[in-house]
Amino acid sequence: MIFVLFLAAGLGAGVLRGGHLKHLAETPLRGLRLIVASCLTHAVPAMVNPFWPWLVPPLRLPLLVASFVLGSAALLFNRRLPGVWVMWAGAFLNFIVMAANDGRMPISIERLRATGGAKLAQGIVEGKFFGHVALTQDCRLPMLSDVIGLGHGLSVPSIGDLVIGIGLMLVVSGAMRQSWKMRA
């Protein structure tokens with residue numbers, strides 16, 4: 001949800017700065033296979049985990065590293081887009097905290113419940129989710145975890161998520177202001 005808000009803010013900022021949606025549509029996006037591979041490396045284990053829970057834990061950290069490397073390569077291919085380095089910095093912050101916590105993102109259960117996510121919070125406490133773990137005193141780098149409560153109906157992002165969102169906003173608004181036909 002948080003990224004949808006940043007996307008909307010990027011579109012709004014792009015229009016306010018004199019940008020056009022046609023420029024955004026013409027923006028050359030390179031490394032699409034890397035982006036898809038990074039997303040699948042991150043998502044498939046979460047889908048497999050309920051069926052074969054014994055298979056996923058030893059693969060958590062290697063899959064996190066693979067997802068980050070593939071995503072970083074995709075961002076490198078698109079380094080000319082404004083805001084891409086900001087997105088990478090946010091992804092790096094998330095990678096650091098997840099790597100320090102066995103490939104999972106700690107999340108504040110109290111803040112998740114406060115946003116209306118009681119059912120999701122219960123699932124995390126029960127260990128049903130591949131990518132998250134309840135934030136406890138044993139978690140490393142808690143300040144980089146999903147701890148920012150945004151209010152009812154919204155998510156509980158991390159600092160890294162907010163930095164990624166700002167980068168997304170910069171990419172969208174900046175791409176809307178540039179004509180890519182002559183550059184690509």
Side-chain angles (χ1 to χ4, degrees), residues 1-10 35-72 74-75 83-172:
M1 177 61 159
I2 189 77
F3 296 120
V4 173
L5 296 175
F6 278 109
L7 177 63
I35 294 168
V36 170
S38 175
C39 291
L40 287 175
T41 304
H42 195 71
V44 169
M47 292 183 278
V48 168
N49 193 51
F51 304 106
W52 299 299
W54 53 269
L55 176 66
V56 176
L59 298 176
R60 237 186 233 122
L61 201 51
L63 289 172
L64 173 69
V65 171
S67 179
F68 180 73
V69 168
L70 290 166
S72 293
L75 290 174
V84 163
W85 291 109
V86 176
M87 290 179 72
W88 184 87
F92 182 71
L93 289 172
N94 283 347
F95 171 75
I96 291 297
V97 68
M98 291 177 75
N101 289 285
D102 192 32
R104 296 181 290 182
M105 175 62 85
I107 186 168
S108 169
I109 297 302
E110 296 79 25
R111 293 202 175 128
L112 183 57
R113 285 185 178 129
T115 66
K119 194 172 189 177
L120 179 59
Q122 187 60 36
I124 291 171
V125 168
E126 294 172 1
K128 293 182 179 179
F129 292 95
F130 166 76
H132 282 88
V133 64
L135 180 64
T136 66
Q137 62 189 23
D138 296 330
C139 291
R140 295 180 186 101
L141 302 172
M143 73 296 273
L144 296 179
S145 300
D146 285 347
V147 294
I148 302 170
L150 296 179
H152 190 74
L154 296 173
S155 61
V156 181
S158 64
I159 292 171
D161 292 338
L162 295 180
V163 173
I164 291 169
I166 291 167
L168 176 62
M169 186 175 72
L170 292 171
V171 167
V172 170

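The residues of the chain are indexed from 1 along the displayed sequence.
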Measuring from atom [atom1] of [X] to atom [atom2] of [Y], what distance do you get when rounded to the nearest 0.5 angstrom?
{"X": "I124", "Y": "I107", "atom1": "CD1", "atom2": "CD1", "value": "4.5 Å"}
{"X": "N94", "Y": "S145", "atom1": "CG", "atom2": "OG", "value": "9.5 Å"}
{"X": "T115", "Y": "I148", "atom1": "OG1", "atom2": "CD1", "value": "13.0 Å"}
{"X": "L59", "Y": "T41", "atom1": "CG", "atom2": "OG1", "value": "11.5 Å"}
{"X": "L112", "Y": "Q122", "atom1": "CG", "atom2": "CD", "value": "11.0 Å"}
{"X": "H132", "Y": "M98", "atom1": "NE2", "atom2": "CE", "value": "7.0 Å"}

Inset, instruction - Evaluate the ring planes of W88 and F92, with Trp represented by its six-membered ring, and classify them as parallel (under 30°), tilted (30 to 60°) or perpendicular (over 60°). - result: parallel
Heavy-atom side-chain contact between [X] and [Y] under 4.5 Å:
{"X": "L7", "Y": "L168", "answer": "yes"}
{"X": "I109", "Y": "L135", "answer": "no"}
{"X": "F95", "Y": "V65", "answer": "yes"}

Identify the two heavy atoms, one from [X] and one from [Y], that lie closest to each other, and give their separation to 0.1 Å.
{"X": "N101", "Y": "C139", "answer": "OD1-CA, 3.4 Å"}
{"X": "R140", "Y": "V97", "answer": "O-CG2, 3.8 Å"}
{"X": "P142", "Y": "V147", "answer": "O-CG1, 3.7 Å"}
{"X": "V172", "Y": "G10", "answer": "CG1-C, 3.7 Å"}
{"X": "A118", "Y": "R113", "answer": "CA-CG, 4.1 Å"}

Legend entry - From CA spacing to verdict: side chain to side chain contact (heavy atoms under 4.5 Å, CB included), D161, F3: CA-CA 8 Å; D161 292 338; F3 296 120; 4.1 Å; yes
Inset, instruction - Say whether S38 and S67, considering side chains only, have a donor N or O and an acceptor N or O under 3.5 Å apart. - result: yes
Inset, instruction - Verify, without hydrogens or angle tests, whether T136 (side chain) and D138 (backbone) share a donor-acceptor contact under 3.5 angstrom. - result: yes
Inset, instruction - Say whether, by atom type as modelled, one donor and one acceptor occur between the side chain of R60 and the main chain of G103 under 3.5 angstrom. - result: no
Inset, instruction - Would you sort out whether I2 and L162 count as a side chain to side chain contact (heavy atoms under 4.5 Å, CB included), showing the intermediate values? - result: CA-CA 8 Å; I2 189 77; L162 295 180; 4.2 Å; yes
Inset, instruction - Please assess L144 against S158 for the test side chain to side chain contact (heavy atoms under 4.5 Å, CB included), listing each intermediate value before the final yes or no. - result: CA-CA 6 Å; L144 296 179; S158 64; 6.0 Å; no
Inset, instruction - Check step by step if side chain to side chain contact (heavy atoms under 4.5 Å, CB included) holds for L120 and F129. - result: CA-CA 9 Å; L120 179 59; F129 292 95; 3.4 Å; yes
